[in-house]
**Student:** 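Just passing along the structure, written as structure tokens.
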Amino acid sequence: MPGMPVQDDVREQQLVQLFNLFTPDDRTRSGTDAYLKINNEEIPFELKSTTGKSVSTVRDFGAEHIRKWANLHWIFGFYNKAGSKILYCHYASPADMKAWIEEKQRYVHPDLFLKREAAQNIGYETLFGLLGEKEKYSEDDAKWIMKNQWKRDRYLEAQDSPSGYSAARMVEILRLRCEYVIDRGATLNNPHIPSSYFRDWEKITENHAATLREKVRSYLMRPNAATIDAATL
């Protein structure tokens, strides 16, 4: 295996090639890392690599990541300290990752509960206290609340009266902003998956693509594959 610098994107592409995965042409950084074609299905994968024993995940981990990761398959690549040589890999099914994800879900749950409660308690009194009582609210009013969270077309789509917003719509906007602000605080800063989590997992050191397909087929044949209920997040 050729040498390579310590760069996540480079290592990720190496894992894609090693396991014979594919990435969609329109993939974005927030999208799925790669897919495995098997049994006429496209199985979504999250790819992570590390030069240590634990695995870092993402900055500002929150509800969005729980929803995204709940039912993904994973490949973990472990490299030497220089990042120039891959030592071994682990495959993880959604069932394998269920315990770790649910632990993080439980950690952020109180903040997410507070988010919903706080947003639902915003009403006309809140609106009038902040912007005063008006027959119609302007786009500038909406932008003062949402700031750069929305782009121009979203402000236009939200208008429910000619060139403006009703009081009811502005209450909805205030609630959305409240949820957004709390969401940003209800996060974990790059939670690591500890080395102990991978204890006794099989190390993949050869025949990577064939081994992965065997493991995924075995998982897909399970009658009750474990999933995570992220619908309430």
Side-chain angles (χ1 to χ4, degrees), residues 1-80 82-102 104-105 188 190-195 197-198 201-222 225-228 230 233:
M1 193 67 63
M4 57 187 297
V6 184
Q7 295 179 0
D8 289 344
D9 288 343
V10 175
R11 293 200 301 255
E12 183 177 300
Q13 283 305 307
Q14 185 182 34
L15 293 175
V16 167
Q17 296 171 14
L18 197 59
F19 287 92
N20 195 20
L21 307 176
F22 77 93
T23 55
D25 294 336
D26 60 349
R27 181 203 162 197
T28 63
R29 282 302 303 172
S30 61
T32 302
D33 289 340
Y35 292 86
L36 170 68
K37 288 185 178 180
I38 192 170
N39 297 347
N40 295 318
E41 294 185 60
E42 295 183 353
I43 308 299
F45 270 80
E46 184 77 11
L47 307 179
K48 296 294 180 186
S49 64
T50 181
T51 58
K53 293 183 178 180
S54 65
V55 178
S56 63
T57 54
V58 68
R59 288 189 308 171
D60 300 328
F61 173 94
E64 177 184 351
H65 297 96
I66 296 171
R67 284 190 290 265
K68 175 188 172 186
W69 290 349
N71 299 298
L72 289 182
H73 295 244
W74 298 63
I75 291 174
F76 300 98
F78 289 80
Y79 288 74
N80 65 356
S84 59
K85 181 181 180 181
I86 189 166
L87 304 176
Y88 59 89
C89 298
H90 287 311
Y91 159 71
S93 69
D96 294 324
M97 295 304 300
K98 181 178 170 68
W100 184 83
I101 294 174
E102 287 188 338
K104 304 310 170 191
Q105 182 181 27
L188 282 165
N190 191 14
H192 280 56
I193 306 171
S195 59
Y197 196 80
F198 304 105
W201 285 25
E202 179 183 347
K203 293 181 179 180
I204 303 174
T205 58
E206 58 183 4
N207 301 322
H208 296 75
T211 301
L212 178 66
R213 279 154 180 77
E214 179 182 347
K215 290 182 175 296
V216 172
R217 285 193 180 98
S218 177
Y219 175 80
L220 294 177
M221 290 176 64
R222 295 172 56 173
T227 58
I228 296 169
L233 295 176

**Student:** Could you state the interatomic distance from CG (N39) to CE (M221), rounded to the nearest 0.5 Å?
**Tutor:**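 It is 9.5 Å, given to the nearest 0.5 Å.
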
**Student:** Do you know the tightest heavy-atom contact between H73 and S93?
**Tutor:**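 Result for this residue pair: ND1-CA, 4.2 Å.
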
**Student:** If we ignore hydrogens and angles and just use 3.5 Å, is the side chain of N190 paired with the main-chain N or O of R59 as donor and acceptor?
**Tutor:**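 Side chain of N190 to backbone of R59: no pair is present.
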
**Student:** How far does CG of L212 sit from OH of Y91, to the nearest 0.5 angstrom?
**Tutor:**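 One finds 7.0 Å between CG of L212 and OH of Y91.
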
**Student:** How would you list, by chain and number, every residue that makes a side chain to side chain contact (heavy atoms under 4.5 Å, CB included) with Y88, sequence neighbours excluded?
**Tutor:**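 Side chain to side chain contact (heavy atoms under 4.5 Å, CB included) list for Y88, sorted by chain: F78, H90, K203, T205.
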
**Student:** Side chain to side chain contact (heavy atoms under 4.5 Å, CB included) for I38 and R217? Distances and angles first, verdict last.
**Tutor:** CA-CA 8 Å; I38 192 170; R217 285 193 180 98; 3.3 Å; yes

**Student:** Between M97 and I193, what is the shortest heavy-atom contact and its length?
**Tutor:**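 In this case the closest contact between M97 and I193 is CE-CD1, 3.8 Å.
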
**Student:** Are T57 and H192 side-chain neighbours, meaning at least one heavy-atom pair lies under 4.5 Å?
**Tutor:**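 T57 does not reach H192 side chain to side chain.
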
**Student:** What heavy-atom pair brings G77 and C89 nearest, and what distance separates the two atoms?
**Tutor:**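 Looking at all heavy atoms of both residues, the shortest contact is CA-SG, 4.0 Å.
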
**Student:** Tell me every residue that passes salt bridge (charged side-chain N to carboxylate O under 4.0 Å, His left out) with K48, counting only those two or more places apart in sequence or in another chain.
**Tutor:**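 Here the qualifying residues are E46.
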
**Student:** Just verifying a value: how many Å separate H65 NE2 and Q105 CD, rounded to the nearest 0.5 Å?
**Tutor:**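 With rounding to 0.5 Å, NE2 (H65) is 14.5 Å from CD (Q105).
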
**Student:** Using modelled atom types and a 3.5 Å cut-off, is there a donor and acceptor pairing between side-chain atoms of T50 and backbone atoms of G52?
**Tutor:**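 The answer is yes, because a donor-acceptor pair under 3.5 Å joins these two groups.
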
**Student:** Y79 pairs by side chain to side chain donor-acceptor pair (under 3.5 Å) with which of Q14, R11, K85?
**Tutor:**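 Filter result, single survivor: Q14.
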
**Student:** What is the distance from atom OG of S195 to atom NZ of K53, rounded to the nearest 0.5 Å?
**Tutor:**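 Going from the OG atom of S195 to the NZ atom of K53 covers 6.5 Å.
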
**Student:** So, taking the atom named CD in E42 and the one named OG1 in T32, what distance separates them when rounded to the nearest 0.5 Å?
**Tutor:**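 The distance works out to 10.5 Å.
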
**Student:** Just by modelled atom types, is the S218 backbone N or O under 3.5 Å from a matching donor or acceptor in the R222 side chain?
**Tutor:**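 A pair under 3.5 Å: no.
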
**Student:** Counting distance only, does the side-chain N/O of N207 pair as donor-acceptor with the main-chain N or O of A210 below 3.5 Å?
**Tutor:**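 Checking the backbone N and O of A210 against the side chain of N207, no donor-acceptor pair under 3.5 Å is found.
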
**Student:** Please walk me through it: do I204 and I75 pass side chain to side chain contact (heavy atoms under 4.5 Å, CB included)?
**Tutor:** CA-CA 10 Å; I204 303 174; I75 291 174; over 6 Å; no

**Student:** Closest approach of P44 and L72, non-hydrogen atoms and distance?
**Tutor:**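 Heavy atoms of P44 and L72 come nearest at CB-CD2, 3.4 Å.
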
**Student:** For the atom pair CD1 (I86) and OG1 (T51), what is the distance rounded to the nearest 0.5 Å?
**Tutor:**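 If I round to the nearest 0.5 Å, the distance is 12.5 Å.
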
**Student:** Might you point out which heavy atoms bring T23 and A34 nearest each other, and give the distance in Å?
**Tutor:**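 Heavy atoms of T23 and A34 come nearest at CG2-CB, 4.1 Å.
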
**Student:** Before you tell me yes or no, could you show the steps for L21 and L47 under side chain to side chain contact (heavy atoms under 4.5 Å, CB included), namely the whole-Å CA-CA distance, both residues' side-chain angles and the distance that decides it to 0.1 Å?
**Tutor:** CA-CA 11 Å; L21 307 176; L47 307 179; 4.0 Å; yes

**Student:** In the structure I gave you, are the side-chain heavy atoms of P194 and W100 within less than 4.5 Å of one another anywhere?
**Tutor:**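 Side chain of P194 against side chain of W100, heavy atoms only: contact under 4.5 Å found.
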
**Student:** Minimum heavy-atom separation for F61 to P191, with atom names?
**Tutor:**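 What the structure gives for the nearest pair is CB-CD, 3.6 Å.
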
**Student:** Considering the options F198, F45, W201, W69, which one meets the ring pair (Phe, Tyr, Trp, His ring centres under 6.0 Å) requirement together with W74?
**Tutor:**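 Testing W74 for a ring pair (Phe, Tyr, Trp, His ring centres under 6.0 Å) against F198, F45, W201, W69 leaves exactly one candidate, W69.
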
